[in-house]
2 protein chains.
Amino acid sequence: MMEQHLEFGRRKVMAEDQIYQCGQVFDTLHLVSVGLFKIVNLSSDGREQSAGLHFKGDWLGFDGIPSGFHACTAVALDSGEVWSVRYDTLLQASAKEPMLMRLVLSAISAQLARNRDAALSMGTLSADARVADFLLQWAHSLAERGMRTDQINVHMSRADIGNYLGLRLESVSRALSRLSRGGLILFNEKGRRDISIPSLDALRNFIHDSADRTANNVH
Amino acid sequence: MMEQHLEFGRRKVMAEDQIYQCGQVFDTLHLVSVGLFKIVNLSSDGREQSAGLHFKGDWLGFDGIPSGFHACTAVALDSGEVWSVRYDTLLQASAKEPMLMRLVLSAISAQLARNRDAALSMGTLSADARVADFLLQWAHSLAERGMRTDQINVHMSRADIGNYLGLRLESVSRALSRLSRGGLILFNEKGRRDISIPSLDALRNFIHDSADRTANNVH
DNA sequence: CGATCTATTGAGCCTATTCAACCGTCGTGG
DNA sequence: CCACGACGGTTGAATAGGCTCAATAGATCG
């Protein structure tokens with residue numbers, strides 16, 4: 001769809017590779033072709049948190065647009081590939097092809113929406129529900145891309161997940177254990193990073209229930 | 001700067017007025033001219049959280065771009081005014097005027113950055129530091145717009161602030177009291193929503209210190 | 001096989017929440 | 001006019017949920 005209008009530079013990456021680093025000058029955007037990437041945000045005083053997870057079809061690099069310098073670091077969580085375009089080139093192409101501009105705006109706005117929902121999760125849910133929601137979103141991302149959702153592999157360590165959710169790694173571990181004990185998820189043989197979700201609806205209900213258990217705003 | 005290329009519809013609003021509502025079809029964007037607005041995000045299971053605060057110069061409505069329906073509700077926290085443009089019109093104008101497109105992309109990306117930073121705050125800071133950071137960001141927003149930062153008026157209730165920060169209203173109240181006792185902020189006569197910040201640097205240091213007090217990732 | 005890294009689990013602590021009482025302001029109606 | 005209720009804010013006491021520290025186990029790799 002976009003390939004017809006744009007030249008992409010292709011770049012293969014290995015796990016742990018950085019696509020761009022915080023502080024670098026920004027001039028190019030990257031479209032994830034294969035693999036999984038995390039965006040880590042770090043504040044002036046040294047705190048850091050992964051601010052987003054990106055799959056095939058997602059763009060990387062928007063954080064550099066406002067200032068011209070990247071505000072985050074993009075890290076591959078797995079081997080993969082990205083297609084890169086210069087921002088200027090993309091803008092010129094979008095001026096000629098309205099649909100392209102719509103696509104880009106839609107992509108950024110979708111990231112905004114995901115961040116909002118992640119913040120909602122962090123602000124309103126218990127640790128267990130947050131982890132459950134994380135898995136649900138993951139499954140949703142896979143489903144959108146036509147991949148299987150009954151057997152998902154989280155390529156991240158407990159520490160990474162915790163960092164993303166605003167929890168400590170031990171809390172993530174405990175939450176997963178509790179979810180497992182409750183039958184909402186299943187650990188697969190050989191590797192506790194492979195998780196099955198017997199019923200997405202059950203998981204959704206769990207989040208819902210634990211949400212309005214705490215949300216006693218009624219009085 | 002944009003007025004020369006676009007026709008804006010002007011709309012005056014009162015406190016509590018909604019600019020658009022969650023679920024409505026999206027077709028127009030709004031530029032804040034005067035006033036303060038909050039964006040409230042609500043999930044399918046009824047949780048809700050304010051997902052952003054918007055001042056003069058900020059855009060409202062991006063949440064409707066991906067799906068064509070608004071995912072949030074925009075509420076005025078004060079009387080104010082917004083300038084509205086149809087999204088289609090804006091896109092057509094941007095195709096002719098490259099600088100306009102850059103401005104819009106920059107505006108969206110800036111919102112992404114603010115959300116990321118808010119999430120970082122929620123994920124890594126204690127209640128006191130979160131409230132301090134909130135005030136600091138507020139002051140920063142005022143400064144960007146050339147307004148005074150030594151005397152800020154938070155138009156929001158403790159409940160609203162708490163909702164934005166992922167805290168209960170009592171926790172916000174306590175945090176403000178503690179900051180006040182520590183001399184980092186001052187409540188002004190007549191109204192505990194008027195707050196002075198004697199030193200922005202002191203506030204920044206407080207956040208920094210309380211951050212690496214908890215961030216004992218070292219071992 | 002040891003070294004290292006990741007995950008799990010327990011015990012105790014600490015912090016934000018919950019529940020509740022109380023105060024001050026504002027607006028309304030007897 | 002003042003009494004009353006509604007509302008927003010503050011503060012206290014007790015609770016609970018997540019964090020810290022620590023020990024243990026499994027996995028991976030040289």
Side-chain angles (χ1 to χ4, degrees), chain A residues 15-16 47 49 77 121-134 153-182 185-195 210-219, chain B residues 15-16 47 49 77 121-134 153-182 185-195 210-219:
Chain A
E16 305 294 311
R47 288 170 289 140
Q49 185 176 37
L77 290 172
S121 182
M122 284 194 13
T124 64
L125 295 179
S126 69
D128 289 16
R130 236 133 92 188
V131 171
D133 192 49
F134 170 76
N153 182 331
V154 181
H155 303 264
M156 305 162 71
S157 69
R158 303 296 189 245
D160 279 335
I161 298 171
N163 181 267
Y164 179 62
L165 297 174
L167 295 171
R168 296 279 135 191
L169 66 95
E170 296 95 329
S171 299
V172 175
S173 183
R174 279 185 241 274
L176 286 169
S177 296
R178 280 188 290 258
L179 291 173
S180 172
R181 268 196 287 280
I185 65 172
L186 300 172
F187 286 111
N188 291 17
E189 325 303 319
K190 288 294 169 202
R192 61 261 126 251
R193 287 191 189 182
D194 284 303
I195 294 172
S210 86
D212 51 37
R213 189 163 310 123
T214 46
N216 288 327
N217 305 339
V218 272
H219 214 245
Chain B
E16 305 292 310
R47 287 170 290 141
Q49 185 176 35
L77 289 173
S121 181
M122 284 192 16
T124 64
L125 295 179
S126 69
D128 289 16
R130 236 136 83 183
V131 172
D133 192 49
F134 170 76
N153 183 331
V154 180
H155 303 263
M156 305 162 71
S157 69
R158 303 294 189 246
D160 278 336
I161 298 172
N163 181 266
Y164 178 61
L165 297 174
L167 296 170
R168 295 280 134 193
L169 66 96
E170 296 95 330
S171 300
V172 175
S173 183
R174 279 185 241 274
L176 286 169
S177 297
R178 279 188 292 257
L179 290 173
S180 171
R181 268 194 286 280
I185 66 171
L186 300 172
F187 286 112
N188 292 15
E189 324 302 320
K190 288 294 170 201
R192 58 264 125 249
R193 286 192 189 183
D194 284 304
I195 294 172
S210 87
D212 51 38
R213 189 162 311 122
T214 46
N216 288 328
N217 306 338
V218 271
H219 215 246

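Labels below follow one simple rule: chain letters A, B, ... track the order of the sequence lines, proteins then strands, and each chain is numbered from 1.
- You'll find that the side chain of B:Ser157 is closest to D:dG8, out of D:dG8, C:dA11, C:dT18.
- Between B:Arg192 and B:Leu176 there is no side-chain heavy-atom pair separated by less than 4.5 Å.
- Contact annotation: the side chain of B:Ile195 never approaches that of B:Leu179 to less than 4.5 Å [non-hydrogen atoms, C-beta and beyond].
- The interatomic distance linking A:Arg181 (CZ) with C:dT8 (C1') rounds to 10 Å, in whole Å.
- With rounding to the nearest 0.5 Å, the separation of CZ in A:Arg178 from CG in A:Asp128 is 4.0 Å.
- Residue contacts for A:Arg178: at a heavy-atom cut-off of 4.0 Å it reaches no nucleic acid atom on any strand shown.
- The separation between B:Met156 atom CE and D:dG9 atom P is 11 Å, rounded to whole Å.
- We find that CD of B:Glu170 is positioned 16 Å from P of C:dC22, with the value rounded to whole Å.
- The structure places CD of B:Glu170 at 12.0 Å from OG of B:Ser177, a figure rounded to the nearest 0.5 Å.
- Between B:Arg168 and the phosphate of C:dT18, there is a side-chain N or O to OP1/OP2 separation shorter than 4.0 Å.
- At a threshold of 4.0 angstrom between heavy atoms, the contacts of A:Gly162 with the nucleic acid are absent.
- Distances from the side chain of A:Arg174 to the nucleotides C:dA7, D:dT11, D:dC19 place D:dC19 closest.
- Here C:dT8 is the nucleotide among D:dG8, C:dT9, C:dT8 with the atom lying nearest to any side-chain atom of A:Leu169.
- Counting only heavy atoms from C-beta outward, the side chains of B:Phe187 and B:Asp194 never approach each other to under 4.5 Å.
- One distance of note links CD of B:Gln49 with OG of A:Ser121; it measures 9.5 Å at 0.5 Å rounding.
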**OP:** Classify every nucleotide of nucleotides 23-30 of chain D by which part a protein heavy atom approaches to under 4.0 Å, writing B for the base, S for the sugar-phosphate alone and - for neither, in 5'-to-3' order.
**Re:** --------
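- By the 4.5 Å heavy-atom criterion applied to side chains, B:Leu125 and A:Arg47 are counted as neighbours.
- Note: CG (A:Leu179) to C1' (C:dT8) measures 15 Å, nearest angstrom.
- Contact annotation for B:Ser171: base contact, defined as any heavy-atom pair under 4.0 Å involving a base atom.
- Of the residues in residues 122-134 of chain B, those lying under 4.0 Å from DNA chain C by heavy-atom distance are B:Ser126, B:Ala127.
- Contact annotation: A:Ser173 does not reach the phosphate of C:dT9 (side-chain N/O to OP1 or OP2, under 4.0 Å).
- B:Leu167 comes within 4.0 angstrom of sugar-phosphate atoms only, judged by non-hydrogen atoms across all strands, and of no base.
- Side chains of B:Ser157 and B:Arg193 form a contact here, defined as non-hydrogen atoms less than 4.5 Å apart.
- Interatomic distance, CZ of B:Arg168 versus CD1 of B:Ile161, reported as 14.5 Å (0.5 Å rounding).
- An OP1 or OP2 oxygen of D:dT10 is reached within less than 4.0 angstrom by a side-chain nitrogen or oxygen of B:Arg158.
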